[in-house]
Amino acid sequence: MIVDKVRIVIKAGDGGNGAVSFRREKYVNAGGPDGGDGGNGGNVVFVADPGMRTLMDFRYHKKFKAENGENGRKKNMRGKTGEDIIVKVPAGTVVIDKESGRVVADIRDPEGTTVLRGGRGGKGNARFSNSVRQTPRFSTPGKKVQPREVILELKSIADVGLVGFPNVGKSTLLSCMTSAKPKIENYHFTTLAPNLGVVKSYDYDFILADIPGLIEGASEGAGLGHDFLRHIERTRMIAHVLDIAGSEGRDPLDDYVKIREELKSYSQQLAERPERVVANKADLPEAEENLARFREKYPDKEVFLTSAATRKGIDELRAAMMEVLKTLPEEQVIREEGVIEEWQMEDEELTFEVGRGEDGVLEANGSLINEIFARINPDEVDSMRHFHKLLKDMGIIKALERAGAKDGDTVRLNGEEFDFVE
């Protein structure tokens, strides 16, 4: 079966915590704080693997997690950065955020595309030492990263797509024109996953794809349905292969009409792609009559007679494809819609709101308050001073003042009560 759409869960590594440590060595006076920073978490990196053709590997392997960053250590030693996790996918795989439905990345690069970055490491107490606060006894934790569910959808990258009913000779044509070795047998649906091959000449190369056979109703999901139609989306040109001899008992003219209707029903843009008609099996006796009927009905269509068995017309078809492709723009990468940035720049989304509770007490609630709580240790005096500084720096003190808070008033921050100090 063809597997070209799966759901998986990815998680980047959490950042390591900063360390609280003080230098104490013999013969060293006033060593001071020396807690190091935590290491950053590992990233989730997707790599286009030329050896993969389907997403079959993801049917049973659904969760991918990068390594967490190590905690900081004494002597200002930073924690080790977590190892990235490499997720190998076929070229042309689109990563989609399941929650929003937006495109995260269009994976084509064998060098790798970072889809989810690891959390930042926390700061060690050495970072908070200054002329006033010489012995800080607090550090900050590493940034935690939430797992994300994503959809992987494979859309084959090919310049030309061979389309047509099952058993019209697409796989055989591919084997004649490229070095690909698709499975070829005389029965329907031999091809259950797209086969790709490179057509080479001395001055121009292009990728040819043998798309699994279409049937009537495919645009509505019949047969392999959307599973193969999505592979045609990215082609710059369509080669419509007909069994011009009608050797399967079908009328090639009817086949042509039905396939065109399926393409149009699936995507008007796809139906408008440049097309070349390939009249295959032209060496069989019935081919001549059907070819005459086709040319009479479609006088404006350029038809290429081929026989994969005798290699008739293969060179002419290859040259014609190259000629057309040279005039067409390169296939565009699917537009990425910024989900990566939203996932990574979570600080920009941290917010808070000020209001009064049912008992009239001023409150400040929101994700920014949680972020500040995560950075402090309530049992340490120095850490609480830092807490007050963060409230000022983030504008929370100012917002409470504007709402009427005065020195000594009780205020709540995400449900926790404090005495207000300007």
Side-chain angles (χ1 to χ4, degrees), residues 9-24 31-46 63-87 104-105 112-130 133-148 150 339-352 366-394 396 414:
V9 175
I10 58 175
K11 185 185 182 304
D14 296 332
N17 298 326
V20 176
S21 174
F22 293 90
R23 186 180 181 192
R24 294 184 177 90
D34 69 348
D37 296 343
N40 294 333
N43 303 324
V44 179
V45 180
F46 280 73
K63 295 182 179 180
F64 298 83
K65 182 181 182 298
E67 188 179 39
N68 294 335
E70 290 186 353
N71 295 334
R73 301 180 184 179
K74 61 183 180 180
K75 297 184 180 179
N76 288 307
M77 287 194 294
R78 180 183 176 89
K80 178 186 174 184
T81 296
E83 291 288 333
D84 295 344
I85 185 166
I86 306 299
V87 184
V104 178
T113 301
T114 299
V115 167
L116 190 58
R117 294 192 182 279
R120 295 185 301 274
K123 294 180 180 179
N125 68 332
R127 292 273 198 152
F128 300 100
S129 176
N130 54 42
R133 184 173 56 220
Q134 297 184 9
T135 57
R137 298 182 180 276
F138 66 93
S139 61
T140 60
K143 183 76 173 180
K144 307 299 181 186
V145 180
Q146 295 300 315
R148 300 279 181 169
V150 296
V339 177
I340 297 177
E341 289 75 18
E342 289 182 16
W343 287 3
Q344 310 317 325
M345 298 171 65
E346 292 184 357
D347 288 353
E348 294 186 359
E349 300 173 8
L350 298 177
T351 59
F352 71 95
S367 56
L368 181 58
I369 309 295
N370 282 333
E371 178 72 9
I372 293 174
F373 279 167
R375 298 186 186 186
I376 56 104
N377 180 356
D379 297 325
E380 292 290 342
V381 174
D382 281 342
S383 183
M384 294 310 291
R385 291 196 187 104
H386 183 60
F387 172 58
H388 186 260
K389 181 178 184 298
L390 289 174
L391 293 177
K392 292 188 74 171
D393 291 347
M394 301 294 186
I396 297 170
N414 278 9

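Everything numeric in this text was worked out from a predicted model, so none of it was measured.
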Drop me the distance from K143's NZ to R117's CZ, to the nearest 0.5 angstrom. 15.0 Å
May I ask you to decide if K144's main-chain N or O and D14's side chain share a donor-acceptor pair within less than 3.5 Å? no
Correct closest heavy-atom pair for E83 and E67 would be N-OE1, 2.8 Å
At what distance, to the nearest 0.5 angstrom, does CD1 of I85 lie from NZ of K63? 13.0 Å
So do F22 and N125 actually touch side chain to side chain, heavy atoms under 4.5 Å? yes
Identify the two heavy atoms, one from A12 and one from G42, that lie closest to each other, and give their separation to 0.1 Å. CB-O, 3.4 Å
Could you tell me which non-hydrogen atom of N40 sits nearest to which non-hydrogen atom of G121, and how far apart they are? OD1-N, 2.8 Å
Look up atom CD1 in I10 and atom CG in N43, then write down how far apart they are to the nearest 0.5 Å. 11.0 Å
For N17, does its backbone N or O pair with a side-chain atom of N71 as donor and acceptor, under 3.5 Å? yes
For L368 and M394 the tightest heavy-atom approach is CD2-CB, 3.8 Å
Judged by atom type as modelled, is there a donor-acceptor pair below 3.5 Å linking the side chain of S21 to the main-chain atoms of D34? no
Exercise: identify the closest heavy-atom pair between A66 and G13: CB-N, 3.6 Å
Taking G79's backbone N and O only, do any of them form a donor-acceptor pair with D37's side chain (distance below 3.5 Å, no angle check)? no
When rounded to the nearest 0.5 Å, the distance separating CZ of F64 from CD1 of I86 is 12.0 Å
What do you reckon, is CZ of R73 surrounded by more than 12 foreign heavy atoms closer than 6.0 Å? no
Are more than 12 heavy atoms, taken from residues, nucleotides or ligands other than K65, located less than 6.0 Å from that residue's NZ atom? yes
Polar side-chain atom of K11 near backbone of V145 as donor-acceptor pair, under 3.5 Å: yes
